[in-house]
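A quick write-up on the structure given underneath.
Lettering of chains follows the sequences in order, A, B, ..., and the numbering in each one begins at 1. Note that these values count all heavy atoms, side chains included, but never hydrogens, waters or copies made by symmetry.
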Amino acid sequence: MGLARKSAIILSLLAFSLAGAAPAMCVQATEEAAKPLSPDDVLFVVNNIWMLVATFLVFMMHLGFATLEAGLTQAKNTVNILFKNTSIVAIGVLTYAFMGFNLMYPGSGYAGGFFGFSGFGIGTDVAGLTSAYNVGYTYWTDFLFQAMFAATSATIVSGAVAERVKLSSFLIFSAIYVATVYPIVGMWQWGGGWLNKLGFHDFAGSTIVHSVGGWAALSGVIVLGPRLGKYVNGNIRPIMGHNLPLACIGVFLLWFGWYGFNGGSVLSAAPGPVSLVFTTTTLGAASGLVAAMITTWIVHKKPDFSMVLNGALAGLVGITAGADAVTPMSSVLIGAIAGVLVVFSVMTIDKLHLDDPVGAISVHLVCGVWGTLAVGIFSPDYRFLPQLTGVMAAAAFCFSSSFLLFFVIKRLLGLRVNAHEELRGLDIGEHGMEAYSGFQVFVTQ
Amino acid sequence: MGLARKSAIILSLLAFSLAGAAPAMCVQATEEAAKPLSPDDVLFVVNNIWMLVATFLVFMMHLGFATLEAGLTQAKNTVNILFKNTSIVAIGVLTYAFMGFNLMYPGSGYAGGFFGFSGFGIGTDVAGLTSAYNVGYTYWTDFLFQAMFAATSATIVSGAVAERVKLSSFLIFSAIYVATVYPIVGMWQWGGGWLNKLGFHDFAGSTIVHSVGGWAALSGVIVLGPRLGKYVNGNIRPIMGHNLPLACIGVFLLWFGWYGFNGGSVLSAAPGPVSLVFTTTTLGAASGLVAAMITTWIVHKKPDFSMVLNGALAGLVGITAGADAVTPMSSVLIGAIAGVLVVFSVMTIDKLHLDDPVGAISVHLVCGVWGTLAVGIFSPDYRFLPQLTGVMAAAAFCFSSSFLLFFVIKRLLGLRVNAHEELRGLDIGEHGMEAYSGFQVFVTQ
Amino acid sequence: MGLARKSAIILSLLAFSLAGAAPAMCVQATEEAAKPLSPDDVLFVVNNIWMLVATFLVFMMHLGFATLEAGLTQAKNTVNILFKNTSIVAIGVLTYAFMGFNLMYPGSGYAGGFFGFSGFGIGTDVAGLTSAYNVGYTYWTDFLFQAMFAATSATIVSGAVAERVKLSSFLIFSAIYVATVYPIVGMWQWGGGWLNKLGFHDFAGSTIVHSVGGWAALSGVIVLGPRLGKYVNGNIRPIMGHNLPLACIGVFLLWFGWYGFNGGSVLSAAPGPVSLVFTTTTLGAASGLVAAMITTWIVHKKPDFSMVLNGALAGLVGITAGADAVTPMSSVLIGAIAGVLVVFSVMTIDKLHLDDPVGAISVHLVCGVWGTLAVGIFSPDYRFLPQLTGVMAAAAFCFSSSFLLFFVIKRLLGLRVNAHEELRGLDIGEHGMEAYSGFQVFVTQ
């Protein structure tokens, strides 16, 4: 079965990889590969593969966001929502390659505590394909895993501004936000910046990812205003999601992807931390779901399915900051509190006439803040004050910068579709097509 | 790119993990890590990661069950079905942490052949994060992989009692069944109990998981009775599924997750067994599908798509007991017989006026029994009699306990929604919301 | 927690695997396992697991194809489309086991440059479960990974002939094509045949998989003719897809699965190549998407969502031939050109009155050819002429053989449903069931 051929290929690939040789030097490298493998060489292979597995899991979160947001909104805006979420992945990866990665990890040469930049474009040194870059994984794995994270922050915003935001303006906002604000805040902690030095702990990004998206969601909702017909004469009119199976698929995919989001944030396949993180993540999600179920059952008399879905996400966002630093029992508590919080937060935000169609602010901002502070409460290794400082710093920088950015785009390009388009649906208005051709769908709001 | 920082993190995490140190001892552990890694250390990392990959695959089976059940039933009950299936995952994981795991693996101190219990709650010993627990993987990985299995048995029941069961009563049944009956039967085999000592072989749970769910599905269907309008004047009226793409997604996700269900049941990444299990699993599913396709084409003249979907699942359930113990050629035969069986079983169960909306009894019980017996027929290493004994023991215990449980719940709380709610749909009745807001959906049954 | 039992199981499984013993020799093998593991033994475990991960990823591409095709066509043909795509996976795996694998990898004994065959059925030698087969992975892993690829080529055809092809005729075509044409072309390159010796490079199958499917799609479209009402009096009438969320899910799943398709084609877990391939694959997809978005925005004034989806796939198909052989920056260029190409190709093919409902010819054939030629342009290690030769050879063999096969089937069995069935929908005609029972769906074309 072509055994000899395959063996030769595999050997040369391994040699290429482990010996750090450039492709053109493959033959020579094969000879070098004659020196025996060490256990550390193999561990490097394992860590790198695990980080790539985590990468494809995080990739699937973007489908999760797309289907959740589409499912919880109206049928007439579905194409537009899918379009935004699909495009953001691509735009996020490309802008991250162009500049985000180099803003987030500026390296020792450039790094200041608040800002650093190591130049446009991604590296091409072949050493980036070997352990010369990192004992855990290659340069390219590092870039790709981080790139998948980056687009997440913009996707969070997408849900909050859905059903009325102008497509082109939103894409411009996302591209700029992902290319600049997200990596700068990321550098403060993960790039070795001032928060990191302060003793702030945010394992996989309750603050650095979720609240960064959440603050922009809040400023977007304020600048945009509510959907037409949502708040009439002081009354709150519910606008129902059009496809709850799609929303359910979304939450499962997000939970699924979170095993890569949190599991990959260990930055290696080290059994203890990865197992612990999988367990706290699962228990946080499960208890968030159950807590939200009980809360909605009591508050709304009948259990609201979208609250149960948001409860699972609340638990996940809540545990993300401390998934590596709290006990499994604490993760149950942290998740449960997040599950209760999200139900009341959704109700409160609606009472404030802040129109967030999918509850993104409650899930990602409120529970992101909760999860970050919870580390200071539940983990013996971290203090409360640095956690609070990190939360406040992200708040100040992200809210103000996103507010300014939305404001400028509103003035220059307009941020909102016109009333006729909004009523008819953005699918026809922005794309000239419908999501469910052939179905009888009612488009009146 | 923060190389030094990352390296330090990775080294300390590895040290923490491999040396079995508690988080607080990280600094000290880093020093210990100076002793060189052995190949066995690295193998532990690999096995543990594979088990976690299997865990997230099994997690996705729950979305598979949710979408399959929703797709094969009526639009007016969709929210309710998604609600049940989503909640069960969370309830299953939490009850398994609270007591199920300790019932299923009571340990040498407590284990009897039929019952054992090692106390409430899950362990907190940091040795559980290292190879001190197990040469294959950590304590937490063990718990989590098993926890994902546990909820499966309740999810199987869900499909059989769909479209008329009262939400609260079903959730109570599920919680109790997953917390007690499933782990007790599981202990008989996988916890080192009497079936295990008898020479019974059930690799990944044709009996221990699928028939455990299947027997409860059968008793639930009997206690509940059929849906209104299903059997009128001795005639069988078909009630069509409302969303076959959703059902198709469900079957693919189940097949996908089965690679973790069976592949992870090897309990290590050992190449020979995992490769064999992947192959028999795939061939079993494929031949189940093709056999069901041919059978339905002959029997129904036109090939019924839901039968083809059930054929794949039948093949998967059928091969689950012996995936590690039969040749690939035998797996084709086992799958094919399961595929034929499921078509006739669905017809027979319907003729008996047992109303199982999704065919759960045929897929999980009938083919679970078949798969278990098939091990005694096709594998040279196992005998037929212990296989039959295991099937009968599970039947007696699971059918009687689930029947009793359903019966008691029916008396105390009621098990079924009222006729008006059933006709209007459980989405409005139990949740006050619709799955497809804005669509023209006909709700007459 | 049954530690001793589990340890014993794991040890014996490992022994079985690593020492290459047959199941019946387990006890003896356990003793042999006393000799210490080498790093190479562990690397074999890692490589094998990675290939199995890649296998389940490629498996999910079939759900991607199913949902994409269903979403981009009409509601009345949905069951039929899901049926085809689901069946093809099973048929593909089984025919590949029966003969495809042995045609594609005929081994040194039989291999000629153009044709070879090593007999019916798959191997049963237990050495196939160990590294005796291959330094990278077991025989069964090799078979399964390749089998998942095989069905892909038929699935590509499915989309092009959708909404009018007769079910039985299509299944016969697929079974024969997957069993013979695909593996013969595959042997030319991956089985060590004449293209391989010529210096042709097609890393994961832009030509060997995608264009093989694409040429058959083209001949199918020609032999079948367009859907009724598509081209009337020289005008092109658009027939809209009925479920764009389903199409979006499809593209994300394909992209997800592509990490296994390309990542697994490295044939090991070697960090350098796998990281590079993940990166070029991601950048190719992202830039294909963005390029198609910009192109459709300019050409169609409003950005067409299905074009954006096809843009991502175009980028993926385009980068597949050279994912291991070009720089990340080149992958951005290759993807961008594919994204532009696909938009104009879809328009051109429609102008030629070739009715391809999902754009399969543009995505898989046009971009498959582009990607193959791009290797000769962007990689310093490969020349243009062998690339062109490979493209032409696949064209000649695949187009002619598929054309002949479609033609013969058309004469013997008929290839197309009758006009009444086509207008009413193939779901009722071929299967006697509807995909969306209970919904108001308009079936006029």
Side-chain heavy atoms of A/Pro303 within contact of B/Leu167, under 4.5 Å: yes
Tell me which of these, A/Gly311, A/Gly241, A/Gly263, A/Ala75, has more heavy-atom pairs under 4.5 Å with chain B than the rest. A/Gly241
If we only count heavy atoms from C-beta on, is the B/Met433 to A/Leu244 side-chain gap below 4.5 Å? yes
Kindly give the heavy-atom pair with the smallest separation between B/Ala97 and A/Leu283, and that separation in Å. CB-CD2, 4.4 Å
Applying side chain to side chain donor-acceptor pair (under 3.5 Å), which residue pairs with at least one partner in residues 54-66 of chain B are found, sequence neighbours left out? none
Euclidean distance, B/Phe145 CZ relative to A/Ser275 OG, rounded to 0.5 Å: 13.0 Å
Taking all non-hydrogen atoms of both residues, which atom of A/Phe305 and which atom of B/Val79 are closest, and how far apart? CB-CG1, 3.7 Å
Chain A-proximal positions within residues 424-432 of chain B [heavy-atom distance under 4.5 Å]: B/Ile428, B/Gly429, B/Glu430, B/His431, B/Gly432
Got a sec, which residues hit side-chain contact (heavy atoms from CB on, under 4.5 Å) with A/Ala70, two or more places apart in sequence or on another chain? A/Thr78, A/Ile81, A/Leu82, A/Leu246
On a heavy-atom basis, the closest approach of A/Phe252 and B/Asn85 is CZ-O, 4.5 Å
Which distance, rounded to the nearest 0.5 Å, do you find between the CG of B/Asn243 and the CG of A/Asn243? 7.5 Å
Examine whether an atom of B/Met51 lies under 4.5 Å from a heavy atom of chain A, and if so say whether it belongs to the side chain, the backbone or both; otherwise answer neither. neither
A/Met293 versus chain B, the contacting section by heavy-atom distance below 4.5 Å: side chain
Using heavy-atom distances under 4.5 Å, tell me whether B/Leu253 contacts chain A through its side chain, its backbone, both, or neither. neither
Chain B contacts, top residue of A/Met104, A/Gln440, A/Lys301, A/His242 (heavy-atom pairs, under 4.5 Å): A/His242
Residue part contacting chain B, namely of A/Thr279, when any heavy atom lies under 4.5 Å: both
Can you tell if the side chain of B/Trp140 reaches within under 4.5 Å of the side chain of A/Pro328, non-hydrogen atoms only? yes
At a heavy-atom separation under 4.5 Å, does A/Val46 approach chain B through its side chain, its backbone, both, or neither? side chain
Minimal non-hydrogen separation, B/Val89 against A/Trp255, with atom names: CG1-CH2, 4.4 Å
Do you know which of B/Asp40, B/Asn48, B/Leu52 has the most heavy-atom pairs with chain A at a distance under 4.5 angstrom? B/Leu52
Parallel, tilted or perpendicular: ring planes of B/Phe56 versus A/Phe256, cut at 30 and 60 degrees: perpendicular
Would you call the rings of A/Tyr436 and B/Phe439 parallel, tilted or perpendicular, taking 30° and 60° as the class edges? perpendicular
Top of A/Leu309, A/Thr296, A/Asp304 for chain B proximity - count of heavy-atom pairs under 4.5 angstrom: A/Asp304
Please look at B/Thr86 and chain A and tell me whether the side chain, the backbone, both or neither of the residue comes under 4.5 angstrom of a heavy atom of that chain. both
Using every non-hydrogen atom in the two residues, find where B/Ala90 and A/Ala286 come nearest and quote the distance to one decimal. CB-O, 3.5 Å
Test of understanding: with side-chain contact (heavy atoms from CB on, under 4.5 Å), list the residues that count as partners of B/Ser169, not counting sequence neighbours. B/Lys166, B/Ile409, B/Leu413, B/Leu415
Quick one: what part of A/Pro245 sits under 4.5 Å from any heavy atom of chain B, side chain, backbone, both or neither? both
Counting heavy-atom pairs closer than 4.5 Å to chain A, which one of B/Thr141, B/Val53, B/Leu94 comes out on top? B/Leu94
If I measure from the heavy atoms of chain A, does B/Leu63 come under 4.5 Å with its side chain, its backbone, both, or neither? both
Rounded to the nearest 0.5 Å, what separation is found between the CE atom of B/Met60 and the OH atom of A/Tyr259? 11.0 Å
Segment of A/Trp297 engaging chain B (4.5 angstrom heavy-atom cut-off): side chain
